[in-house]
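Just so you know, these numbers use all the heavy atoms, side chains as well, and skip hydrogens, waters and symmetry mates. Start at 1 and go down the list; that is how both ligands and their atoms are numbered.
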Amino acid sequence: MKGVLMVNLGSPESPTAKDVKPYLDEFLMDERVIDVPNILRNIIVRGIILQTRPKKSAEAYAKIWWDEGSPLVVISERFAKKVSTQIQMPVALGMRYGKMSIKKAMQELKDKGVDDVILVPLYPHYAMSSFETVVVKTMEVKDEFFPEMKITTLPAFYKNEDYIKVLSESIAKHLEGFEYDHILFSYHGIPERHIRKSDPTKFHCKIDGSCCQTNSVAHNTCYRHQCYDTTERVKKYLGLPEDKVSVSFQSRLPNDPWLKPYTDFEFERFPKEGKKRLAVITPAFVSDCLETLEEIAMEGKEQFQEAGGDTYKHIPCLNDDDSWVSVMAEWLNNWEKTEKLPV
Ligand SMILES: C=CC1=C(C)c2cc3[nH]c(cc4nc(cc5[nH]c(cc1n2)c(C)c5CCC(=O)O)C(CCC(=O)O)=C4C)c(C)c3C=C
Ligand SMILES: [Fe+2]
Ligand SMILES: [Fe+2]
């Protein structure tokens, strides 16, 4: 019997340094997130980052935490539940990091008689630190604990027409009545090195956009290409003027060059260029989370207004929007016809 395994990133158990520390430890010790040799990763993560970051992160989480728990987890649960009412197979939700593990979710499916799993990484774009690590981890869990299970995966849906339509229409709805000078598409950043590592041709990706018009298999795994592609498609769908839309990348750790332009630098720049009414959309995430609710909706607004900006609007992620739920249900109900990740 078929069943659906949805996987999102995960969150700490509570917004306290005590719970943030083990969560960040598991997350940042992932070799696809901090991709340096194990000994060096140990030094960077355990010797440096985890010495101070858990306290700072816990304070940030506390600002956005809901009575029901972490927004990312609660929203993912609502989404999975709504989708399950529109399809004829069991749905389980797992997280790549933290206590709501992929193993627990797979066990839940197995207990319901599922042996044919549709894996849905809840990321629109492919990155080794998001989509790829979910697929690899799920395969490891399958091989170790559920060898009899078959797994097929929904590919990154960044250019899928149904997705672009619901994303665009959600943006349009939230923009109603908001006069803006500019719309910023702010995506989660990744180190530039990750783009080169994910390029199967090893020479295509130039990280400056000059390669993106040349057809290449590299685009199937190029996070930067896919972020710009989503933006172009939404721009076209909504007929947004070229000069009123741009892309940036948020959230980075020090030392490495990360994808540019950096979102916080853009917040400083726009008011100086007369762009004083700003809307920000965060399409790397399907669910609102720390990175959108704190970094963009709170910190970003403050940075923009301190730099001379006037009105500011963070457009929510798709979350458990009914049209988005219907699109996902449609993909799953028509799984035979839905595009699958090649194995
Ligand atoms: C090397 C570090 C990181 C990479 C690479 C990275 C990629 C990446 N992350 C997401 C999605 C999310 N990240 C979130 C939080 C978060 N991310 C990093 C680091 C990297 N992410 C850190 C240290 C944190 C924690 C924040 C903090 O403590 O300061 C979240 C939010 C989680 C939540 O509970 O709300 C999401 C979602 C993607 C999609 C991605 C690659 C494209
Ligand atoms: Fe992240
Ligand atoms: Fe490219």
Discussion item. For Y126, run the side-chain hydrogen bond (donor to acceptor under 3.5 Å, both in side chains) check against H219, H225, Q226, E132 and tell me which one passes.
Written reply: E132

Worksheet entry | Heavy-atom proximity to atom 19 (C) of ligand 1, best of F27, Y126, F285, F249 | F27

Discussion item. I need the atoms of ligand 1 closer than 4.0 Å to a non-hydrogen atom of L72, numbered in the order shown.
Written reply: 37 (C)

Worksheet entry | Non-hydrogen side-chain atoms of F185 and P283 separated by less than 4.5 Å | yes

Discussion item. I'd like to check whether Y61 has a polar contact with ligand 1, where a contact means an N/O of the residue lying under 3.5 Å from an N/O of the ligand.
Written reply: yes

Worksheet item: Just which atoms of ligand 1 are under 4.0 Å from any heavy atom in S129?
Response: 5 (C), 7 (C), 41 (C)

Discussion item. If you take the nearest heavy atom of each of D288, L290, L293, N8, which one is closest to atom 26 (C) of ligand 1?
Written reply: L290

Worksheet item: Got an N/O contact under 3.5 Å between H194 and ligand 1?
Response: no

Worksheet item: Can an N, O or S atom be found in H219 less than 2.8 Å away from the Fe ion (ligand 3)?
Response: yes

Worksheet item: Got a sec: is C222 within less than 2.8 Å of the Fe ion (ligand 3) via an N/O/S atom?
Response: no

Discussion item. Just to be sure I'm reading this right: ignoring hydrogens, which of I75, L24, V20, T292 gets closest to atom 25 (C) of ligand 1? Compare them by their nearest heavy atoms.
Written reply: L24

Worksheet item: With a 4.0 Å cut-off on heavy atoms, is Y187 touching ligand 1?
Response: no

Discussion item. Distance alone, cut at 3.5 Å: any donor-acceptor contact between the side chains of T263 and S186?
Written reply: yes

